[in-house]
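FYI, the numbering just counts along the sequence from 1.
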Amino acid sequence: MATADEAQNKKAVFDAEAASTLMKELRSAFGSGKTRSYEWRVSQLKRLEKMLDDNEKEIVDALKQDISKPEFESTVYEIGMLKASVRVTIKEIKHWMQPVKAKTPITVFPSSGEIVSEPLGVVLVISAWNYPFLLSLDPLIGAIAAGNAMVLKPSEIAPASSSLLAKIIPEYMDTSAVRVVEGAVAETSALLEQKWDKIFYTGSGKIARIVMAAAAKHLTPVVLELGGKCPVVVDSSVNLQVAARRIIVGKWGTNNGQACISPDYILTTNEFAPKLVDTLKEELEGFYGKSPLKSKDLSRIVNSNHFARVAKLLDDDKVSGKIVHGGERDSEKLRIAPTILLDVPQDSLIMNEEIFGPVLPIITVNKIEDSFDVINSGAKPLAAYLFTKNKKLKEEFVMSVSAGGLVVNDTTVHLAVHTLPFGGVGDSGTGSYHGKFSFDAFSHKKAVVYRGFYGDASVRYPPYTRGKLAVMKALFGGSVWDIIKAFFGMLNSKGN
């Protein structure tokens, strides 16, 4: 006979049957029309903001448990950015919901047109572990703003954060339309078997292919926020101290390099590289001390598997002798010090996969312009950065480098600009969000044409004549004078 604990565990299993039941309940909630109203959307957004306010300490503590994230990064880059996002959405949502007028051509005169934003239905958000609150709740803000019912699947790799989200979301949000499902592969697979109206996934390209394949079975559209090898091009014309600081905070100040938009490698000239390395060393020591493994301002590697993966990159024979700074490790505490490598071969392991850790290789080129060819020879990254005072170089960078987003003379800050779309291209993802782009990501833009019963022209109706054809050809491609001539030609043909 099963014990009480075994019975409880069996009951708690989330399988395909449970996922199907969940979907039916959410379809019913969405079908009721409740999520479409402005009042429901705003009330849920305000509840989400209150949830962030009330649970700030618990969120910081969970992030500390999962990844030893410094309180500063947790408060600013997760909680602070979420609060900014939800406030912008509350302020703008009424405007976003309004139909947008559209011009109509003379071919359907007289008429008027508009674009109506309608919710997609029931959507799934699969989140990542490195920013478990930001990357869970920011898409959720867009899904709520657009009027959808939804499921959030947090990452099991950040268990404390996942558990907290599962606890607090039902306490604040409308659970008939907003649900959280915890778990790993089995639970995610059960969810992916369902027919969603959109799937929003943040994570690796490997898992994205699985998500996209599952979505394809139901013709479900997807937003895929992935990553890639984000390059930093450093020209010799820069303020070197400022450039070094901004590279450091973008690399090691974002989960100790465990961020999809953190700089993955640097490109600079042979001549300038030594100066750049010296300045990076000096600024790193100023930020994290002479014993960075003990610094409270650096996150740890998330788990032993990721620690082993990053260690393998450093132990590659092609790069192990290229370390010019750092390299210290503590396998017990899962810490790796900020590490710089110089003159790394492009065929090395570290240059052929996303590092997602505290290691920054430097590749040297003869001319800074050659950097753009190096970038474009690989997969398109989620972000690319350039430091220069050279106007022509800036223009060439913007025109020639394809990436999800570009930043000139800084790193990662585009993430905080809600008026810009955030998303990838090619291997770094598809679709975008943030601000109104989040609202649009979870909306269908429905085309609507309004006509009355007056002005009904016989030219579109059978029997078809040469005169009618001439008028229609003029309407679709001619000038006003051509239309007038064709129209009178048709009238004359009737009189003959």
Side-chain angles (χ1 to χ4, degrees), residues 228-254 256-259 261-288 292 310-311 313-328 336-379 381 383-388 390 393 397 401 403 407-412:
K229 297 190 71 63
C230 300
V232 184
V233 178
V234 184
D235 184 26
S236 60
S237 66
V238 300
N239 180 321
L240 191 49
Q241 184 185 45
V242 173
R245 290 183 165 207
R246 291 177 179 178
I247 292 169
I248 289 169
V249 78
K251 177 66 174 182
W252 293 283
T254 54
N256 205 2
Q258 298 169 105
I261 56 170
S262 70
D264 192 273
Y265 65 101
I266 290 176
L267 288 153
T268 194
T269 60
N270 299 305
E271 182 182 1
F272 193 64
K275 296 178 183 177
L276 177 58
V277 169
D278 288 342
T279 306
L280 285 169
K281 287 180 180 180
E282 183 179 342
E283 295 300 324
L284 277 168
E285 185 173 322
F287 288 172
Y288 304 116
V310 177
L313 296 178
L314 284 172
D315 291 338
D316 179 8
D317 290 341
K318 292 182 178 180
V319 303
S320 58
K322 303 290 186 178
I323 296 174
V324 293
H325 182 77
E328 300 88 357
I336 298 176
T339 303
I340 301 172
L341 302 93
L342 181 60
D343 287 327
V344 174
Q346 291 187 44
D347 63 348
S348 59
L349 185 62
I350 204 168
M351 288 307 300
N352 283 278
E353 65 176 71
E354 186 178 4
I355 296 171
F356 223 73
V359 182
L360 187 61
I362 298 176
I363 294 176
T364 57
V365 292
N366 293 324
K367 297 185 301 178
I368 200 66
E369 291 81 3
D370 295 340
S371 300
F372 303 154
D373 293 332
V374 174
I375 296 169
N376 290 330
S377 68
Y385 309 112
L386 169 68
F387 286 86
T388 187
N390 186 311
L393 196 64
F397 175 68
V401 172
V407 180
V408 177
N409 292 330
D410 210 333
T411 63
T412 71

* Mind running side chain to side chain contact (heavy atoms under 4.5 Å, CB included) on Thr412 and Val407 for me, showing each step along the way? => CA-CA 7 Å; Thr412 71; Val407 180; over 6 Å; no

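- Looking only at side-chain heavy atoms (C-beta outward), Asp264 and Glu354 come within less than 4.5 Å of each other.
- Residues Phe287 and Val249 are not in side-chain contact: their nearest non-hydrogen atoms beyond the backbone lie 4.5 Å or more apart.
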Check your understanding: Under the side chain to side chain contact (heavy atoms under 4.5 Å, CB included) criterion, do Tyr385 and Ile266 qualify, and how do the steps go?
Key -> CA-CA 9 Å; Tyr385 309 112; Ile266 290 176; over 6 Å; no

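- Looking at Cys230 and Thr411, their side chains never come closer than 4.5 Å, going by heavy atoms from C-beta outward.
- The closest donor-acceptor contact from the side chain of Lys229 to the backbone of Ile350 lies under 3.5 Å.
- Contact check for Val277 versus Ile362: side-chain heavy atoms found under the 4.5 Å cut-off.
- Applying side-chain contact (heavy atoms from CB on, under 4.5 Å) to Leu267 and the options Ile368, Val234, Ile375, Val232 leaves one that passes, Ile375.
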Test log, rule side-chain hydrogen bond (donor to acceptor under 3.5 Å, both in side chains), inputs Asn366 and Asn270: CA-CA 6 Å; Asn366 293 324; Asn270 299 305; 3.0 Å; yes

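- Looking only at distances, no side-chain donor or acceptor of Ser262 sits under 3.5 Å from a matching main-chain atom of Lys251.
- Atoms CG and CG, from Asp316 and Leu349 in turn, are 5.5 Å apart once rounded to the nearest 0.5 Å.
- Shown here for Leu284 and Trp252, the closest heavy-atom pair between the two residues is CD2-CE3, 3.7 Å.
- Thr339 approaches Gly327 most closely through the heavy-atom pair OG1-N, 2.9 Å.
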